[in-house]
Amino acid sequence: FRPMGVAVVDNRAALKAYAEEDGSPILRAKITTGKASGAVLFGAGCRRLHAIGVERPHMAAALVEMSGGALVPVVGGVLIRDPSGALVGA
């Protein structure tokens, strides 16, 4: 297994916590934060964002551009909701 990194963002996509295993690639923090931020910014899990990238690459490119590069449209970002369904973060 490759070393993992985990980023937690709030409902505004602000980074709240990050941890990674030893040996993680240098860009791991940006990639994992981009996955979590993308889920929050788009309001959907990254499986949906990835599907958009496959189905309509021009749309995925536009979303990345509009987010200032903060959105990474690949599988990995999961929304976190409270019991009432309100978005807490990712």
If you take all heavy atoms of G45 and A39, which pair is closest and at what distance? CA-CB, 4.4 Å
Would a hydrophobic clustering, with Ile, Leu, Val, Met, Phe, Trp and Tyr connected at side-chain separations under 4.5 Å, put M66 with F42? yes
Do any N or O atoms from the side chain of S67 and from the backbone of L71 form a donor-acceptor pair under 3.5 angstrom? yes
Looking at every heavy atom in both K35 and C46, which two are closest together, and how far apart are they? O-SG, 3.1 Å
Closest heavy-atom contact between P3 and S24? CB-OG, 3.4 Å
Provide the closest heavy-atom pair for K30 versus V72 in the form atom of the first, atom of the second, distance. O-CG2, 4.4 Å
Test side-chain contact (heavy atoms from CB on, under 4.5 Å) on L49 and L63 and set out the steps. CA-CA 9 Å; L49 286 171; L63 292 171; 4.2 Å; yes
Does atom CZ of R81 have more than 12 heavy-atom neighbours from other groups under 6.0 Å away? yes
Are V9 and I80 co-members of a hydrophobic cluster defined by side-chain heavy atoms under 4.5 Å apart? no
CG of D82 to CG of N11: how many Å apart, nearest 0.5 Å? 10.0 Å
Applying side-chain contact (heavy atoms from CB on, under 4.5 Å) to Y18 and R28, what does each step give before you reach the verdict? CA-CA 10 Å; Y18 179 77; R28 176 74 69 213; 3.3 Å; yes
Taking a hydrophobic cluster as the set of Ile, Leu, Val, Met, Phe, Trp and Tyr residues connected by side-chain heavy atoms closer than 4.5 Å, whether directly or through intermediates, do V64 and M59 fall within one such cluster? yes
Heavy-atom distance under 4.5 Å between the side chains of P73 and H50, does that happen here? no
Taking all non-hydrogen atoms of both residues, which atom of A90 and which atom of A36 are closest, and how far apart? CB-O, 3.5 Å
To the nearest 0.5 angstrom, please state how far the CG atom of L41 sits from the CZ atom of R12. 11.5 Å
Determine yes or no for a side-chain-to-main-chain donor-acceptor pair under 3.5 angstrom, with S37 supplying the side chain and T33 the backbone. yes
Indicate yes or no for a side-chain donor-acceptor contact from E20 to the backbone of M4 under 3.5 Å, with no hydrogens or angles considered. no
Are L15 and V40 linked, directly or through intermediate hydrophobic residues, by side-chain heavy-atom contacts shorter than 4.5 Å (ILVMFWY only)? yes
Test salt bridge (charged side-chain N to carboxylate O under 4.0 Å, His left out) applied to R2 - qualifying residues, sequence neighbours left out: none
Stepwise side-chain contact (heavy atoms from CB on, under 4.5 Å) test for T32 and V6: CA-CA 6 Å; T32 53; V6 177; over 6 Å; no
